Structure formats: C-alpha cells, structure tokens
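Step one of this worksheet: look at the structure below.
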Amino acid sequence: QVHLVESGGGSVQAGGSLRLSCAASGYTYSRACMGWFRQAPGKEREGVAHISAGTGSTYYADSVKGRFTISQDNAENTVYLQMDSLKPEDTAMYYCAADQNPRRPWGSGGYCATRDYNYWGQGTQVTVSS
C-alpha cells in the first residue's frame, strides 16, 4: 500500500525559508515521478516542482523557479522541497504526490510534470506573512 507522509510546513515571514519532506513507501521509489503541489483557498491546485526519481531530473513552475528546489534521498525514499525567498503568495496547503508506475519510469522532470499523479499525501500548511 502506497503511503506518502509530508512534514515541515509552518509559518514564516516573507523572505524566509522552509523545507518540506515527504517519506514514501509501498512502491518501487526509483521508478516513480514525484511532485509537490499546492492549493490556496479559492485557487486551483498548482504543480510547483517535479522530479524523476530514477534520473533526478527536475522541473519547476515559473512561479517558484529560482526560489524552490526539489531533491531526493533515494536510499530513504524521501523527496524534499526547499523553499527560499518565500512570498505571501506562496501561502497554501502543500501536497506531495507520486505516480508510482509512469510509462517512462526514467524520464525527465518535464515528463513527470505532465503525469496524472495517483497517490497523494495528507498535506502540510505553509503560511508566509508579509
């Protein structure tokens, strides 16, 4: 059974940093696409960063490029989202997601960004105050 458990959310002032973690289990991590998504109240869900677990290739939404970094520890089946230079508009619930068996298991981060993720964590709140 696939489990994704996020941690690391919280409140921070604008310009600050937070690091989110997502521990994955129940599938072959190295084949997966992993992604971080966020959803603010009244807004659509947005994919902010993706990583191909097998290749380490990454992809970022324009809204976070240069400020957020997705990384992973394959030995621990854990994916991270380092968020720097946070802005109030980054305030949202952040979710970790997995496509545990993509058609191209060692594709690019850009390929992962096109996937329909089928497993989701419970979410962790990030609040950035001005």
Side-chain angles (χ1 to χ4, degrees):
Q1 190 172 2
V2 175
H3 287 288
L4 301 172
V5 180
E6 301 110 330
S7 60
S11 297
V12 65
Q13 288 191 326
S17 299
L18 284 173
R19 189 194 196 203
L20 307 183
S21 300
C22 173
S25 61
Y27 63 97
T28 303
Y29 178 84
S30 62
R31 292 178 56 85
C33 284
M34 301 295 297
W36 285 99
F37 293 76
R38 66 186 181 187
Q39 188 165 22
K43 294 188 176 182
E44 292 188 357
R45 186 175 64 198
E46 175 188 18
V48 297
H50 305 265
I51 188 167
S52 171
T55 66
S57 175
T58 60
Y59 180 89
Y60 297 93
D62 288 343
S63 57
V64 305
K65 200 173 294 182
R67 300 187 299 119
F68 289 12
T69 303
I70 188 171
S71 63
Q72 63 185 356
D73 183 337
N74 291 55
E76 298 293 330
N77 289 0
T78 299
V79 62
Y80 303 98
L81 185 67
Q82 177 67 40
M83 305 184 292
D84 298 319
S85 302
L86 281 162
K87 304 175 181 180
E89 51 264 43
D90 294 318
T91 295
M93 185 71 79
Y94 282 72
Y95 298 90
C96 172
D99 175 359
Q100 92 287 7
N101 193 26
R103 289 185 180 182
R104 292 160 52 187
W106 292 282
S108 68
Y111 167 74
C112 288
T114 69
R115 299 297 298 167
D116 289 327
Y117 287 77
N118 50 350
Y119 291 99
W120 296 82
Q122 80 284 0
T124 186
Q125 178 67 37
V126 171
T127 302
V128 185
S129 58
S130 58

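Residue numbers run from 1 in the order of the sequence given. The shown structure was predicted, so the numbers you read here are calculated from the model rather than taken from an experiment.
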Would you check if [X] and [Y] make a side-chain contact, meaning some heavy-atom pair closer than 4.5 Å?
{"X": "V126", "Y": "L18", "answer": "yes"}
{"X": "M34", "Y": "C112", "answer": "no"}
{"X": "T58", "Y": "F68", "answer": "no"}
{"X": "Y94", "Y": "L81", "answer": "yes"}

Do [X] and [Y] share a hydrophobic cluster, counting only Ile, Leu, Val, Met, Phe, Trp and Tyr and linking them when any side-chain heavy atoms are less than 4.5 Å apart?
{"X": "L20", "Y": "M93", "answer": "no"}
{"X": "Y59", "Y": "I70", "answer": "no"}
{"X": "V5", "Y": "I51", "answer": "no"}
{"X": "V64", "Y": "Y95", "answer": "no"}

Name each donor-acceptor pair under 3.5 Å that joins a side chain in residues 23-33 to protein atoms two or more places apart or in another chain, with its distance.
from	atom 1	to	atom 2	distance (Å)
Y29	OH	Q72	OE1	2.8
R31	NH2	N101	OD1	2.9

Point to revise | R19 to Y80, cation-pi by 6.0 Å centre distance and 45° axis angle | key: yes
Practice item. List the atom of K43, the atom of Q39, and the distance in Å for their closest heavy-atom pair. Key: O-NE2, 3.1 Å
Exercise for review: Search all heavy atoms of V79 against all heavy atoms of C96 and return the closest pair with its distance.
Suggested key: CG1-SG, 3.9 Å
Is a donor on one side and an acceptor on the other found under 3.5 Å between the side chain of [X] and the backbone of [Y]?
{"X": "S57", "Y": "S108", "result": "no"}
{"X": "S85", "Y": "R67", "result": "no"}
{"X": "N74", "Y": "A53", "result": "yes"}

Check your understanding: How would you list, by chain and number, every residue that makes a side chain to side chain donor-acceptor pair (under 3.5 Å) with N118, sequence neighbours excluded?
Key -> Q100
Nearest 0.5 Å please: distance from the [atom1] atom of [X] over to the [atom2] atom of [Y].
{"X": "M83", "Y": "T69", "atom1": "CE", "atom2": "OG1", "answer": "11.0 Å"}
{"X": "Q122", "Y": "H3", "atom1": "CD", "atom2": "NE2", "answer": "11.5 Å"}
{"X": "R104", "Y": "D99", "atom1": "CZ", "atom2": "CG", "answer": "12.0 Å"}
{"X": "S63", "Y": "E46", "atom1": "OG", "atom2": "CD", "answer": "3.5 Å"}
{"X": "E6", "Y": "C22", "atom1": "CD", "atom2": "SG", "answer": "5.5 Å"}
{"X": "R115", "Y": "S52", "atom1": "CZ", "atom2": "OG", "answer": "11.5 Å"}

Check your understanding: Does any pair with a residue in residues 105-130 pass ring pair (Phe, Tyr, Trp, His ring centres under 6.0 Å), and if so which ones, sequence neighbours excluded?
Key -> F37-Y117, F37-W120, H50-Y117
**Study point:** Residues D90 and K87 bridged, charged N to O under 4.0 Å
**Key:** no
Review point. For residues D73 and T78, is any side-chain donor paired with an opposing acceptor at under 3.5 Å?
Key: no
